[in-house]
Amino acid sequence: MTTTTTNALSRARSAYLRSALHQPVQWSEWSSEAFERATREDKPVLLDIGAVWCHWCHVMDRESYEDAQLAVVINDHFVAVKVDRDERPDVDARYQAAVQAISGQGGWPLTAILTPDGRPFFGGTYFPREERYGRPGFERVLLTMAHAWKDRREEVLESAGSVIAAIEHGESFAGKSGMLSEDLAAKLVTSAVQQFDTRYGGFGSQPKFPHPAAIDMLIDSAGRTGDVNARQAAVFTLQQMARGGMYDQLGGGFHRYSVDERWVVPHFEKMLYDNAGLLKNYVHAFQSFLLPDFAATARDAIRWMDTWLTDRERGGFFASQDADMTLDDDGDYFTWTHDEAAAVLTPEELSVAAEYYDIGPIGDMHHNPAKNVLHILHPLTAVAQKLKLGNPEAETLLASAKAKLYAARADRATPFVDRTIYANWNAMAISGYLEAAQALRVAGAREFALKTLDRILDEAWSEQYGLAHVVAYAEVGTSGVRVPGMLDDYALLGHACLDAWERTGELHYFSMAEKLTKQAVVRFYDRTSFGFFDCEQGDAASMIGALRARRKPLQDSPTPAGDPSAVWLILRMHDLTGDSALREMAEDTLESFAGIVEHFGLYAGTYQLALQKFLLPPVQVVVIGDGTADALEAAASARLAVNKSVIRLTHAQATQDNLPPVLAETIPHLPQLQFGLPFAVVCRGTQCLPPVSTPDELLAALGRY
């Protein structure tokens, strides 16, 4: 909007909230003050939860919240509160559960009507300004709810109470509810395989989302057990996603999901967390199955992230890239008409690109049928044969066409990039970059991952207050209330620190992982009923409405769930410290979910991986030496295995005072250290094999485990 008047969101730091600062609705941020005003004025609360990358959030902003007439209705009858779901995932998770209980579906924008103390009694997602799409007009909804609050107060309060009860029951797992076994782990793999779409890849029907944790579960199972069905589900899904329109064929990286079952037409926003998770999938699939296309896709994802989602100077990964420039273009930045492609390509280049990427006069987009989403329709060898070209000539023409299309796209107005830096999503990207650096030798990936990790530890960690969820906001200089770190911030950053220690041998990363683990236990662990809560319980004033409900996150959605991520972290720490209390805590937590986890199926990938980590003896491969040990490290990294860790040390680092307790008992005493030559040691549980000095010997040693 162009008006010069502002509401209270002018003081917000979130890019999503600040985009609404000129709206005539008198928005407030989520705060005790807003709910106190609602109580004082005896008004219900209109809660809007969205994100800067959310297309329909912006549609609802334009249609309804920028409408002066509707703003009068809202301001007269409600206290309006707007929340950025990326900034406050704790608020979003609870009210998503509430709206799903009320309406049967969730998503963004999330629209809920709350009592003045924050209990929801009505909710939905997108409501049009006027009645259409089979949905009631928003003004009628608001007036109906306002009248219900005034005239049917008792009924409203009863409804609000039942919704809160449903939220509290939904994710409260009390006590040990099941046994831990390989059978349970196998059932979760089987559940994912049963949902596998053998025709198009992926799981279920449209819309299709990537499921990185489930794919890693399948890769791990296939590599460890030889399960051909798990391998087929993982490999074919990764191939189909990379060939489809959900993958940016020009710029690299993945869009958020596909609206169709064939992976052709995506929702065009690009999220850091999706690309971090999928990066690891493609690295792991390459390690396990040695398919070169997977390595190429992983490198291309890093190319896009390096270009668009990174602070090259200071370190840090940005949160997301928007789908489109306006509410009417629906991905026009990423799509092409046949005429647009013809304008920048030679006839020879166009002939190859049109066949390969399926660029035709009639495209894929509903809003503009001439617009094509680039996706790979036929293998390049088939295209060359059809056009009577040699394969090298076809490859040259395609490479030239791709470069020209990408350069022409760069001249278009670029969708907004949210430069906010979140601890949990950055931790995922750090781990992905470190794994790519190890397995693929991607230039600069290791260095940037460590720069980012150092920045997060410097800016988001406090000995007094712990970890912050938001490391830095998009607009430089914005400041305000600190958003405390949640369970997944601690768990995922702990994993990133351990990954950094394994790659560098620098003990301060291990020490920081140990500190994050201890703080996660102190702040989130339920010593009575076991498991981890997703956030700390603050004082009564901060626990508004549904925030009073305790959650123990088990379901990947789509980022790794907090509880199994924490279990996995404490098991990794146990392997290095020998602290039996950590393993007992992991066992108690896994058991507390074991009776119900089968119902989560595809969404329990992280739990299954953590369970396998618990059930299988740890395998540690310690590679010692300078650059000449790279071949040993590459051999050690072959095949994903959830219970295997590869640790790289220099000879100078292999000392008792520079190693975690378990390794300090063995490594410094090896006689090979005195010769200064590269070697590797494979340990399983508490037993170690004799050191080896060649990749073949190392692979043979790993084959015994």
Does a donor on one side chain sit under 3.5 Å from an acceptor on the other, for Ser431 and Asp499?
-> yes
Is there a donor-acceptor contact under 3.5 Å from the side chain of Lys208 to the main chain of Met241?
-> no
Closest approach of Ala594 and Leu180, non-hydrogen atoms and distance?
-> CB-CD2, 3.9 Å
Strictly by modelled atom types, are Asp300 and Tyr247 linked by a side-chain donor-acceptor pair under 3.5 Å?
-> yes
Do Arg550 and Gln537 have side-chain atoms, one donor and one acceptor, less than 3.5 Å apart?
-> yes
NE2 of His255 to CD of Gln321, rounded to nearest 0.5 Å, is 8.5 Å
With a 4.5 Å limit on heavy-atom distance, are the side chains of Met573 and Asp579 in contact?
-> no
What one should report as the nearest heavy-atom pair of Phe318 and Trp308 is CD1-O, 3.7 Å
Is there side-chain contact between Asp92 and Asp86, with at least one heavy-atom pair below 4.5 Å?
-> no
Side chain to side chain, Arg94 and Leu547, heavy atoms closer than 4.5 Å | yes
Assess whether salt bridge (charged side-chain N to carboxylate O under 4.0 Å, His left out) is satisfied between Arg243 and Asp293, documenting all intermediate values.
-> CA-CA 10 Å; Arg243 293 168 182 163; Asp293 284 353; 5.3 Å; no
Can we say Glu182 and Lys187 salt-bridge, meaning some charged N sits less than 4.0 Å from an Asp/Glu carboxylate O?
-> no
Side chains of Asp306 and Tyr433: do they bring a donor and an acceptor to under 3.5 Å?
-> yes
Over all heavy atoms of both residues, which pair between Arg303 and Gly252 is shortest? Give the atoms and the distance, please.
-> NH2-N, 3.6 Å
Non-hydrogen side-chain atoms of Gln287 and Arg639 separated by less than 4.5 Å | no
Can you find a side-chain donor-acceptor pair between Arg523 and Tyr490 that sits under 3.5 Å?
-> yes
Any salt bridge between Asp534 and Arg551, counting N to O under 4.0 Å?
-> yes
Aromatic ring proximity, centroids under 6.0 angstrom, Tyr257 and Phe209 = yes
Compute the centroid of each ring, for Phe448 and then for Phe317, and state whether the two points are separated by less than 6.0 Å.
-> yes
Minimal heavy-atom distance between Val597 and Ala604, with the atoms involved, is CG2-CB, 3.7 Å
Check whether any side-chain heavy atom of Ser565 lies under 4.5 Å from a side-chain heavy atom of Leu492, and answer yes or no.
-> yes
Can we say Glu633 and Arg441 salt-bridge, meaning some charged N sits less than 4.0 Å from an Asp/Glu carboxylate O?
-> yes
Would you call Arg199 and Asp197 a salt bridge, using N to O less than 4.0 angstrom?
-> no
Side-chain donor-acceptor pair present, Asp454, Tyr509, cut-off under 3.5 Å = yes
Greater than 12 external heavy atoms within 6.0 Å of Arg572's CZ | yes
Partners passing side chain to side chain contact (heavy atoms under 4.5 Å, CB included) against His469 (at least two apart in sequence or in another chain) | Pro89, Tyr422, Asn424, Val483, Met486, Asp489
Please check if any side-chain donor atom of Ser645 sits under 3.5 Å from a side-chain acceptor atom of Gln620, or the reverse.
-> no
Check residues 212-226 and write down every donor-acceptor pair under 3.5 Å in which the side-chain atom is one partner and the other belongs to a residue at least two apart or another chain.
{"residue": "Asp216", "atom": "OD1", "partner": "Asn281", "partner atom": "ND2", "Å": "2.9"}
{"residue": "Asp216", "atom": "OD1", "partner": "His284", "partner atom": "ND1", "Å": "2.8"}
{"residue": "Asp216", "atom": "OD2", "partner": "His284", "partner atom": "ND1", "Å": "3.2"}
{"residue": "Asp220", "atom": "OD1", "partner": "Val642", "partner atom": "N", "Å": "2.9"}
{"residue": "Asp220", "atom": "OD2", "partner": "Arg224", "partner atom": "NH2", "Å": "2.9"}
{"residue": "Thr225", "atom": "OG1", "partner": "Ser221", "partner atom": "O", "Å": "2.6"}
{"residue": "Thr225", "atom": "OG1", "partner": "Asp227", "partner atom": "N", "Å": "3.3"}

Are the side chain of Asp418 and the backbone of Ala319 linked by a donor-acceptor contact shorter than 3.5 Å?
-> no
Test Leu440 against Val283 for side-chain contact (heavy atoms from CB on, under 4.5 Å), laying out the working first.
-> CA-CA 8 Å; Leu440 306 178; Val283 170; 4.1 Å; yes
Minimum heavy-atom distance between Ala610 and Leu571, given as atom pair plus value | O-CD1, 3.7 Å
Assess Lys552 against Phe533: is NZ or CZ under 6.0 Å from the centre of the six-membered ring, and within 45 degrees of the ring's axis?
-> yes
Show your working on salt bridge (charged side-chain N to carboxylate O under 4.0 Å, His left out) between Arg648 and Asp630 and close with a plain yes or no.
-> CA-CA 9 Å; Arg648 181 69 183 268; Asp630 287 351; 3.0 Å; yes
Lys518: partners by salt bridge (charged side-chain N to carboxylate O under 4.0 Å, His left out), with sequence neighbours left out = none
Does the side chain of Leu453 come within less than 4.5 Å of Cys497's, by heavy atoms?
-> yes
